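Below: one structure, written as structure tokens.
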Protein chains: 2
Amino acid sequence: MAVYTDITDGDLETFLAGFDLGAPLALKGIAEGIENSNFLLETEAGRYILTIYERRVREEDLPYFITLMQWLAEHGFPSPTPQADRTGKLLHRLRDKPAALVSFLNGVSVHEPTVEHCRAAGEGLARLHLAAQGFPGHRANGLGHDAWRPLYAGHEADAEALKPGLAARIAADLDELERDWPSGLPQGVIHADMFPDNVFFLHGRFAAVIDFYFACNDALAYDLAVCLNSWCFDPAGELKRAHAHALLAGYEAVRPLTAIERESLPLLSRGAALRFFLTRLIDWGSTPAGALVKPKNPLEYEAKLAFLRRPDAMLGLFETNL
Amino acid sequence: MAVYTDITDGDLETFLAGFDLGAPLALKGIAEGIENSNFLLETEAGRYILTIYERRVREEDLPYFITLMQWLAEHGFPSPTPQADRTGKLLHRLRDKPAALVSFLNGVSVHEPTVEHCRAAGEGLARLHLAAQGFPGHRANGLGHDAWRPLYAGHEADAEALKPGLAARIAADLDELERDWPSGLPQGVIHADMFPDNVFFLHGRFAAVIDFYFACNDALAYDLAVCLNSWCFDPAGELKRAHAHALLAGYEAVRPLTAIERESLPLLSRGAALRFFLTRLIDWGSTPAGALVKPKNPLEYEAKLAFLRRPDAMLGLFETNL
């Protein structure tokens, strides 16, 4: 939940004077996104999400995110479409902060995805990967596999405090993932955060993907691993095999995986689980008590990581008859 | 800003099964209201605000608020209209908490009201008072003039810490207000919190009033005093006389004040300023550091109170040529 910057009617008037969107009809701060301030803005021309970028987003990354959203919209992928101002610019300023105005998308995210939701999410992710092909922007994955060791440095005691023995176990994970990380994986634009809350469904069908603020260039199959981890585990940290099978089948119905992608998926999933464990571990320790933004418990991803260390974690997942 | 209760798609499905509003199209937590969790909910039937009442609202007061909103809507006053479920009930439950579903209203609140906004707000308040006539519900004003002394008890040191000498000054205010508080003021339903952020304008015209969760039965002119204090002061704590004149003229164009109401207005305004000073003083001391809900600075109302102690504070405000 986040509205860090207030917008007055005067700010709004000044801002909208740069567009051809008519008069404002409604403005509501919305609880979406942790990093930015978001508003539902309705004008005579339609409904939009107005985002003000706060300090956790690096301003130099914004053109990548905004032009990617524009590219995806132009290539038929259902995602927020940035609105240009009268001068054609997609990145604006409001209260001396960078801001964007994107189309409002209908849809509701699912809290407990069914097998069919997982199939649709897999298809959606593959569609995203194909739609982004040819996008000229490039942004390195700042939370990719080469960032995990420096991320973990200094947080060994936090891990140990969470669970005795965990500090050494994470250190061993880092060693094994570095040693075994595959090369030769097809690269492209990845969403990098396609959790269920970033996917909208309408009448039970896939409708849109939002929140592209972790998007970057990396291995496509790593994005699928992020998705698998966030859509296909039960609360006890066990893989829901029918869900996972459907997610992979949905993905492959649109973009078949290469042999190396299939073989690497268990390791990529371990890596993706480690990535979310590490950022949650760090946020867990650094959020003041009483803050309204509750950090996510790192133990959820610790359990997934433990499951994914098992050599048989994904055995048989690609078989057609599960 | 407030979303204290999360709603999943499953919760929403269960909730909407009790209504004839079709499938959900969008659900967004919104940053409106401090006491409750609010969501923008769009269904195939239209757009609504879904409110979940958190512990700061007394459950026994909810029927008064909800039936008042229904009454106002039925009597042509632009305010949120509660939606009945299939059984005809206006008060619902969601995640085991009381909840209401009201119509979504277009409009944007103004941050720096102009003279014309003040005139429109005055007219709107008088329309509200007239529309509520005959409403059969009754709720005592829990923050009315007889509540101020007990509210202040135990907070003398907080007042003194804010400004040396203030503790005794507030004690003297309490004495004077108790001694001079008028009787014989026309009574009725008052909004009791009609600050600019609770009034919507569209294309510069008065459009609607929201947030009836302080509504109660009290002196109508006291409501006008609350409005005057929140719409017609500059940041330095001086009354903006043209704004105040317009607010009063707007009110009287719809509902002329009685002689005793006019005479009492300076004292009622002093009382209303004390009421908001006191609740802000208490919230100021009790909000943990780092909380995202920022308490409002009590000094804003301390300055208004100081102004309103002046015997000439409102001199000539009712003259037709200002």
Side-chain angles (χ1 to χ4, degrees), chain A residues 1-13 16 22-34 37-44 47 49 104-114 117 196-197 199-205 207-208 210 286-294, chain B residues 1-13 16 22-34 37-44 47 49 104-114 117 196-197 199-205 207-208 210 286-294:
Chain A
M1 136 175 33
V3 177
Y4 301 103
T5 301
D6 280 332
I7 300 180
T8 68
D9 53 315
D11 298 329
L12 187 58
E13 200 175 316
L16 283 176
L25 301 181
L27 177 72
K28 307 238 179 269
I30 60 174
E32 203 157 85
I34 300 224
S37 296
N38 287 291
F39 299 84
L40 166 67
L41 169 63
E42 180 164 4
T43 77
E44 291 171 316
R47 277 193 287 164
I49 299 290
F104 178 94
L105 297 167
N106 271 338
V108 176
S109 56
V110 295
H111 188 250
E112 290 183 22
T114 63
H117 287 132
D197 54 344
V199 177
F200 286 172
F201 288 84
L202 263 180
H203 309 292
R205 297 170 67 94
I210 62 165
S286 67
T287 305
L292 262 186
V293 178
K294 289 221 177 64
Chain B
M1 134 175 35
V3 177
Y4 302 103
T5 302
D6 279 332
I7 301 180
T8 68
D9 53 316
D11 298 328
L12 187 59
E13 200 175 317
L16 283 177
L25 300 180
L27 178 73
K28 308 240 177 266
I30 59 173
E32 203 157 88
I34 299 223
S37 297
N38 287 293
F39 300 84
L40 165 69
L41 170 62
E42 181 164 3
T43 77
E44 290 170 316
R47 276 192 288 166
I49 300 289
F104 178 94
L105 296 168
N106 271 339
V108 176
S109 56
V110 294
H111 187 250
E112 290 183 22
T114 62
H117 288 130
D197 53 344
V199 178
F200 286 171
F201 288 84
L202 263 180
H203 309 293
R205 297 170 67 94
I210 62 165
S286 67
T287 305
L292 262 185
V293 179
K294 290 220 177 64

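Below, chains carry the letters A, B, ... as their sequence lines are ordered, and counting in each starts from 1. Computed from a prediction, not measured in an experiment: that's the story for all the values here.
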### Query
Residues two or more places apart in sequence or in another chain: which of them pass side-chain hydrogen bond (donor to acceptor under 3.5 Å, both in side chains) with D197(A)?
none
### Query
Which one of E44(A), R47(A), E112(A) has the most heavy-atom pairs closer than 4.5 Å to chain B?
R47(A)
### Query
Given the options L27(B), L105(B), V110(B), L12(B), which has more heavy-atom pairs under 4.5 Å with chain A than any of the others?
V110(B)
### Query
So what's closer than 4.5 Å to chain A heavy atoms on I7(B): side chain, backbone, both or neither?
neither
### Query
chain A heavy atoms under 4.5 Å from F201(B): which part of the residue, side chain, backbone, both or neither?
neither
### Query
How far does CG of N38(B) sit from NZ of K28(A), to the nearest 0.5 angstrom?
9.0 Å
### Query
Quick one: of N106(B), L25(B), L40(B), who has the most non-hydrogen atom pairs under 4.5 Å with chain A?
L25(B)
### Message
How long is the straight-line distance from CD of E13(A) back to NE2 of H111(B), given to the nearest 0.5 Å?
### Response
14.0 Å
#### Entry: Best-contacting candidate, G107(A), S109(A), P24(A), A23(A), against chain B by heavy atom pairs under 4.5 angstrom
G107(A)
